[in-house]
Amino acid sequence: MVGVRNRATALLPGLVLCAAVALVSTLISRQVPLLSAMLLAIVAGMALRNTGLIPASAEAGIALSGRTLLRLGVVLLGLRLSIGAVLALGWGAVAVIALTVATVFLGTLGLGRLMGVARATCLLTATGTAICGAAAVAGMSAVVHPGPGARRDEVEQAATTAVATVTLFGTLAVLLAPLAVGALGLPAVPAGVWVGASVHEVGQVTAAAGAISGEVLDAAVVAKLGRVVLLAPLVALVGLVEGRRARREEQRRVERSEVGAVLEGAAVPHPSRTAPVVPLFVLGFLAAVMLRSAAGGVIPPWLLAGADAVSGLLLTMAMCAMGAGVDLRRLARTGLPALGLGAGAAAIAAVVSLVGVLVMVG
């Protein structure tokens with residue numbers, strides 16, 4: 001009992017710090033919807049870290065926020081989603097959503113490789129643009145491997161860069177999408193599917209579609225949530241690939257050390273190997289989606305609203321923790337190529353989804 005109390009005491013300062021930043025960021029975002037709460041939390045975390053204002057006593061709680069609370073927030077995100085509502089848009093819309101997610105993800109990875117952008121930044125920018133902005137970046141960051149000789153904080157740097165770029169271009173889409181829909185003369189449902197399939201954040205989709213009409217808003221939100229459903233299989237797939245990659249790198253490192261040990265006449269240890277598994281938080285996310293899809297009419301609205309609010313708070317706390325792991329000088333050196341990558345990813349999303357809507361959605 002004493003150990004548990006000591007552990008809780010050690011975690012409390014960092015958790016309080018992240019929660020305070022998340023609450024303030026959320027309040028500001030509600031007053032100024034174009035400002036993402038998660039982006040504000042990242043900026044606050046960066047500012048606190050790089051001005052030396054984070055006390056040593058807060059480090060344990062910050063680390064917990066960036067790992068455990070992040071995963072719990074992603075699990076609760078699944079309660080937003082109903083597969084039946086997505087399918088009600090029609091198979092044409094479902095095809096547009098799937099095509100857009102796949103093309104944006106793979107296209108961004110290819111573009112990033114051509115531009116020489118770091119692999120982690122490519123993966124996280126591709127996920128944030130293809131799925132749902134900062135929340136998707138947070139979910140994917142949990143399974144991205146830093147690479148040989150790299151530190152875990154380099155993934156946090158990449159996540160911060162990715163959140164900044166997807167937020168920037170998602171915000172531009174909020175301003176441009178209503179003008180584009182009007183210029184193209186799209187009917188309500190195709191317009192909603194296009195906005196939902198191309199704009200990054202759920203809040204940004206709501207703002208852009210709501211500026212057009214209520215009917216466009218309804219279709220856009222459902223299309224957007226259809227993209228969010230694909231977060232779990234995408235994270236699971238990348239997690240398996242990253243896990244195998246990490247094991248290969250570790251095996252090469254062990255083999256090199258074994259050769260040295262043999263030459264020196266020392267004993268050679270043989271570490272045990274584990275089979276790749278889907279991260280538990282991804283399974284939790286899928287379970288939450290299934291629960292909402294099967295029992296959405298039974299779950300009280302206040303419970304769903306509460307889960308949504310808690311999920312947003314936890315993910316925003318995790319963003320604060322990520323920001324607290326960022327070295328601004330290194331970010332300044334790597335930010336410009338990542339900005340170009342974000343612009344390219346946003347363009348791919350807009351063009352592919354528009355073509356898909358014109359061809360497959362009546």
* **Steps toward side-chain contact (heavy atoms from CB on, under 4.5 Å) verdict (Ser141, Leu70)** => CA-CA 10 Å; Ser141 69; Leu70 164 64; 4.0 Å; yes

* Structure fact -> Value for CG (Leu111) from CG (Leu106), rounded to nearest 0.5 Å, stands at 12.5 Å

* Asked: Between Thr129 and His200, does a side-chain contact (heavy atoms from CB on, under 4.5 Å) hold up when you go through it step by step?
  -> CA-CA 6 Å; Thr129 305; His200 303 348; 3.5 Å; yes

* Asked: Any chain of hydrophobic side-chain contacts (each under 4.5 Å) joining Val357 to Val205?
  -> yes

* What's the spacing between Leu304 CG and Ser311 OG if we round to 0.5 Å? -> 12.0 Å

* Asked: If every non-hydrogen atom of Met38 is compared with every non-hydrogen atom of Ala135, which pair is closest and at what distance?
  -> SD-N, 3.8 Å

* Asked: Within a strict 4.5 Å, meaning less than it, do heavy atoms of the Asp308 and Arg80 side chains meet?
  -> yes

* Derivation and outcome, side-chain contact (heavy atoms from CB on, under 4.5 Å), residues Leu99 and Met360 -> CA-CA 11 Å; Leu99 175 66; Met360 290 183 280; 4.2 Å; yes

* CG on Leu79 to CG on Leu303, rounded to 0.5 Å -> 7.5 Å

* Give the cluster check for Val24 versus Val32: same hydrophobic cluster or not, with ILVMFWY residues linked at side-chain heavy-atom distances below 4.5 Å. => yes

* N/O donor-acceptor pair under 3.5 Å between Trp194 side chain and Ala220 backbone -> no

* Which heavy atom of Ala346 sits nearest a heavy atom of Phe169, and at what distance? -> CB-CB, 3.9 Å

* Asked: Any side-chain heavy-atom pair from Leu339 and Leu168 closer than 4.5 angstrom?
  -> yes

* Asked: Mind checking what makes side-chain contact (heavy atoms from CB on, under 4.5 Å) contact with Ser213, not counting sequence neighbours?
  -> Glu215, Val216

* Give the C-alpha distance, both sets of side-chain angles, the deciding distance and a yes or no for side-chain contact (heavy atoms from CB on, under 4.5 Å) between Gln204 and Thr167. => CA-CA 9 Å; Gln204 292 165 346; Thr167 300; 4.3 Å; yes

* To do: Measure across Ala208 and Val195 and return the closest heavy-atom pair with its distance rounded to 0.1 Å.
  => CB-CG1, 4.1 Å

* May I ask you to test the Leu231-Leu77 pair for a side-chain heavy-atom distance under 4.5 Å? => yes

* Going by heavy atoms in the side chains, are Leu69 and Leu15 under 4.5 Å from each other? -> yes

* Is there a path of hydrophobic side-chain contacts, each under 4.5 Å between heavy atoms of I, L, V, M, F, W or Y residues, that connects Leu234 with Leu225? -> yes

* To do: Answer with yes or no whether the hydrophobic clustering places Leu17 together with Leu40; edges join I, L, V, M, F, W, Y residues whose side-chain heavy atoms lie under 4.5 Å apart.
  => no

* To do: Could you pull out the closest heavy-atom pair between Val117 and Ala338, with the gap in Å?
  => CG2-N, 4.5 Å

* Structure fact -> Hits for side-chain contact (heavy atoms from CB on, under 4.5 Å) against Thr100, two or more places apart or cross-chain, chain-then-number order -> Val96, Val104, Ala197, Val352, Ser353

* Does some side-chain heavy atom of Leu48 sit less than 4.5 Å from a side-chain heavy atom of Val21? -> yes

* Could you check if a side-chain atom of Phe285 sits within less than 4.5 angstrom of a side-chain atom of Val235, using non-hydrogen atoms only? => no

* Would a hydrophobic clustering, with Ile, Leu, Val, Met, Phe, Trp and Tyr connected at side-chain separations under 4.5 Å, put Leu217 with Val228? -> yes

* **Short N-O contact, Glu59 and Arg49, less than 4.0 angstrom** => yes

* To do: Please confirm whether the backbone N or O of Ala134 pairs with a side-chain atom of Glu201, one donor and one acceptor, at under 3.5 Å?
  => yes

* Locate the shortest heavy-atom distance separating Cys122 from Thr108; write the atom from each residue and the value. => O-CG2, 4.2 Å

* To do: Could you tell me the separation between the CG atom of Leu313 and the OG atom of Ser25, rounded to the nearest 0.5 Å?
  => 10.5 Å

* Separation of Met317 CE from Thr68 OG1 (nearest 0.5 Å) -> 11.0 Å

* Who pairs with Arg292 by side-chain hydrogen bond (donor to acceptor under 3.5 Å, both in side chains), at least two apart in sequence or on another chain? -> none

* Can you tell me how far CG of Leu179 sits from CG of Leu184, rounded to the nearest 0.5 angstrom? -> 11.0 Å

* Do the side chain of Lys224 and the main chain of Val199 share a donor and acceptor less than 3.5 angstrom apart? -> yes

* **Shortest non-hydrogen contact from Gly128 toward Ala136** => CA-CB, 4.2 Å

* If only atom types and distance count, is the side chain of Arg227 paired as donor or acceptor with the main-chain N or O of Ala223 below 3.5 Å? -> no

* Considering only heavy atoms from C-beta outward, does the side chain of Ile131 approach that of Val101 to under 4.5 Å? -> yes

* Side chain proximity check, Val289 to Ile83, heavy atoms < 4.5 angstrom -> yes

